[in-house]
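Beneath this line is the structure, given in structure tokens, with notes to follow.
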Amino acid sequence: MIPAVRTSGLRKEFRLGWGRGRVLALAGLDLEVGRGEVFGLLGPNGSGKSTAMKMILGLLRPTSGLAEVCGDAAGTLAARRRIGFLPENPYFPSFLCGAELVRYYGKLTGMDGKALERRVEELLALVRLGGEAGRRPLRTYSKGMLQRIGLAGALVSDPEIVMLDEPTAGVDPAGSREIRDLIRSLKQAGKTVVFSSHLLEQVEDVADRVVILHRGEKLREGRLEELLTLTGEWQVRTAGLGEAPRRELREWLRERGAKILQEGAPRERLEEYYLRNLPEGETR
Amino acid sequence: MIRVWSWLGLVAFLVAWGGIKIPWENQMARHQRLATLGFANPTSVALREKLGQGLALAALGGFRGLAANALMLEAHGAWEKKQWVRVRSNLEMATILQPRVALFWDLASWHMAWNAAVAAENFNGEPSETRRRIEARKWVEAGRELLERGTRAVPEKSILFQRLGDLYWQRLADYQAAASCYREALTKGDAPVFLERFVGYALAKAGDREAALEYFRNLRLSLGEHPDPERKPEVLDREIRRLEREIAEQRQGRVP
Amino acid sequence: MTAAWRRIRAVAANTFLEAVRQKVFAVLLVFGLVLLGGANYFAEFSFQEQFKFLKDLGYAAISLTGLLVGLLGAAQLIPAEIERRTILTALCRPLRRWEFVVGKYLGLVALLAVMLVLMAAVFWGVLFWKELQLTGIEAGDAAAVEAIRGEARDPRLWQAFLLIAAKLFVVSGLAVFFSTVATSTTFVVAMTLMVYLIGHLQGVAREQWLESGEALGWGLRVFLAAVTLFVPDFNAYSLIDEIVAGNNLAWRATLEVLAYSVVYVGVLLVAASWVFEGRDL
């Protein structure tokens with residue numbers, strides 16, 4: 001099957017101009033994203049994540065190498081028809097309201113008339129910006145609202161592939177959770193999702209496969225399970241085990257040559273704790 | 001950054017377009033010169049030196065009309081202060097900026113041949129009447145020269161020919177020249193109706209009563225059986241009778 | 001082509017809407033006030049002089065207002081979108097870069113056209129009011145009244161509006177071209193203004209370059225060649241002066257300039273699209 005996204009030797013050098021030399025942003029990236037996968041691009045700031053995404057979208061021209069979207073060369077109309085994109089910290093024309101923005105993007109993808117209007121209503125409801133919120137000018141939107149309306153815009157043409165650049169940057173934990181839930185629902189709907197982040201817990205929650213970039217180079221790539229599983233170790237979590245059975249268990253393990261690496265009460269994640277302790281309805 | 005080949009291609013495209021646009025622009029300029037008798041779009045760079053910076057910028061920015069009007073306003077102010085040299089230079093500059101505006105030539109010549117000349121005639125600072133008259137004559141000649149140039153710049157309109165005729169009549173007492181100017185004005189199609197009688201008056205004033213009589217008779221005939229009242233057939237009849245009488249008396253030695 | 005036109009139209013409509021919501025039309029108030037003020041300022045002059053002042057003032061105010069809106073509007077079209085990164089969410093759609101450029105330009109042109117029509121309406125209104133005022137004063141002189149009506153209701157004034165519009169569309173096209181090259185709005189405004197001013201002397205440069213031959217130094221010849229090849233002849237639009245002067249101007253001369261403008265705008269948009277196609281965002 002033709003992969004959703006494929007890059008081969010994708011390289012980008014930026015000329016600084018006026019004889020100031022060049023900066024290598026991406027050094028020959030090879031990767032494949034399968035259809036229906038959730039694929040994470042990881043790396044610190046400046047690792048080349050956004051550069052790679054922009055080249056796949058045709059917003060940047062590769063210095064060398066190639067990128068394909070479902071077999072079409074990246075940047076062509078056919079390729080761009082298949083992609084919905086949400087950039088990092090998105091800015092939208094502030095004079096538009098939410099519904100107008102989504103409608104505008106729909107028209108750019110060739111939609112029109114009643115079909116477009118229905119789709120706009122549907123998406124605004126999905127991102128909880130229907131009704132009055134959708135009629136407010138974008139300059140009055142909070143960061144989280146901008147992110148959500150951006151998602152609506154990215155999904156207006158019901159694309160096969162959704163690309164999200166740092167989708168949870170600057171968004172509160174509740175908003176982050178919503179975005180992650182949305183990514184899961186996109187996967188369930190059969191979409192391919194490619195997203196970048198340097199917030200690792202968020203990627204871990206949703207991604208099937210990841211690539212780790214550092215200063216334009218690929219360090220690692222693979223399925224999360226394979227990358228994160230510590231082979232040779234085994235973990236059990238119990239409840240209701242008293243002190244005496246614990247001692248017996250420790251002894252039993254030592255007799256069989258096992259080395260106990262860690263024991264103690266597990267910690268829940270701060271995000272779960274935070275959301276669990278907010279009053280009902282206050283998570284938004 | 002944009003690739004080098006892309007820039008080269010762009011330059012080549014623009015040069016190719018230049019190859020098309022240059023002859024097109026030349027043709028447009030030629031057509032415009034023909035349509036405006038060569039007086040359109042004065043592009044003398046020397047204008048910049050004569051105009052102030054603000055006016056030069058306005059002229060360069062395509063607001064030539066505003067710049068010329070500003071000069072006309074300055075001339076008006078100079079007229080109120082009787083600064084005739086400034087009046088002349090400002091209005092001449094206006095005619096350079098907009099040579100096809102008859103109003104500027106008209107105004108300039110009026111200020112020179114009438115206002116400045118009369119002021120010179122009555123100038124108390126010059127005790128010699130002869131010298132005052134010579135000075136006044138210079139201003140009248142300046143006005144005449146402006147109108148001569150104006151009629152070449154705007155030859156399709158009657159107004160400047162009419163004004164030139166008035167100048168010859170009222171300021172130079174050259175009634176033959178006045179008659180010629182009025183005749184020329186009448187060929188333009190927009191001359192006022194009364195001007196056709198002025199040709200005859202001028203000829204008569206020049207002493208050429210036969211020519212005046214012949215002119216009025218031809219004019220009266222041209223009005224036909226049912227003349228337009230605006231052309232004052234009764235006035236023509238009266239002039240014809242008067243001239244016939246004067247010519248008869250002249251032949252009898254009673255009228256010089 | 002229909003799908004492309006729909007996308008262009010969407011970009012154009014968005015551009016127009018942005019300008020309207022940024023209250024660009026408020027500048028028309030200033031225009032209206034200038035014209036009305038000017039209409040009363042020259043009351044002590046003859047009616048011919050008053051109409052000349054009024055027409056020159058009107059056309060200059062229309063040109064200047066249109067120039068400001070076209071220049072600043074066009075200069076913002078692309079650099080501001082790149083700076084704000086709003087361009088990314090547009091160009092990641094199946095929208096060709098040339099469609100984006102053309103759509104932006106057409107949106108601006110639509111705005112200019114609406115403003116010109118409104119300014120023309122105000123201008124005609126002021127002329128009509130002046131006519132009423134002056135015919136009242138000269139009521140006893142039928143010839144003067146007829147002349148006043150002729151000045152105020154001169155149908156040739158429409159030719160002047162078309163020429164102003166054409167000139168503004170070319171200037172806007174220049175600004176759009178520079179905006180695809182530059183990253184700074186200030187640079188775009190400065191370059192366009194410079195070309196606009198030089199364009200009024202392009203005819204002189206052209207004649208000098210074509211006719212002087214070896215007499216000029218090579219540096220000057222290169223400069224004159226560059227001006228001749230790359231700068232529009234804005235002096236061609238000075239036909240407006242003929243109209244204000246009340247001289248007859250054949251429609252042929254106006255149509256020739258209009259055709260030149262249309263083709264020039266096409267060339268500028270092709271050049272802008274060419275540059276923009278290769279630009280990293």
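Below, read A as the first sequence line, B as the second, and so on, with proteins coming before strands; counting in each chain starts at 1.
Residues of residues 13-25 of chain B placed with any heavy atom under 4.5 Å of a heavy atom in chain C are listed by number as B:Phe13, B:Leu14, B:Val15, B:Trp17, B:Gly18, B:Gly19, B:Lys21, B:Ile22, B:Trp24, B:Glu25.
Contacts classified as salt bridge (charged side-chain N to carboxylate O under 4.0 Å, His left out) and involving residues 265-278 of chain C (residues at least two apart or in different chains) are given here: A:Arg61-C:Glu277.
Counting heavy-atom pairs closer than 4.5 Å to chain B, the top-ranked of the candidates C:Ala60, C:Pro232, C:Ser46 is C:Ala60. Among C:Phe230, C:Tyr260, C:Phe234, the residue with the largest count of heavy-atom pairs under 4.5 Å with chain B is C:Tyr260. Annotation: maximal heavy-atom pairing with chain B below 4.5 Å, among C:Asp233, C:Leu193, C:Leu229, C:Leu67, occurs at C:Leu229. The greatest number of non-hydrogen atom pairs below 4.5 Å with chain B, out of C:Asn248, C:Leu249, C:Val263, is found for C:Val263.
For a residue to count as touching a neighbouring chain, one of its non-hydrogen atoms must lie under 4.5 Å from one of that chain's; by this rule C:Val171 does not touch chain B. The parts of C:Lys52 that come within reach of chain B are both its backbone and its side chain, each placing non-hydrogen atoms under 4.5 angstrom from that chain. Neither the backbone nor the side chain of C:Ala225 comes within contact range of chain B, judged by heavy atoms closer than 4.5 Å. Proximity to chain B (any heavy atom under 4.5 Å) is shown, for C:Val244, by neither the backbone nor the side chain.
For C:Phe45 and C:Phe53, the ring centers sit closer than 6.0 Å to each other. Residues C:Phe161 and C:Tyr59 bring their aromatic ring centres within 6.0 Å. The aromatic ring centroids of B:Trp79 and B:Trp110 lie less than 6.0 Å from each other.
Between the side chains of B:His111 and B:Arg88, no donor N or O sits under 3.5 Å from an acceptor N or O.
With a 4.5 Å cut-off on side-chain heavy atoms, C:Leu157 and C:Leu127 count as touching. Looking only at side-chain heavy atoms (C-beta outward), B:Met112 and B:Leu167 stay at 4.5 Å or farther from each other. Using a 4.5 Å heavy-atom threshold, the side chains of B:Ser222 and B:Arg231 count as touching. Within the 4.5 Å cutoff, side-chain heavy atoms of C:Leu258 are placed close to those of C:Thr254.
With C:Glu242 as the partner, the salt bridge (Lys or Arg N to Asp or Glu O under 4.0 Å) test is satisfied by one option alone out of B:Arg100, B:Lys157, B:Arg33: B:Arg100.
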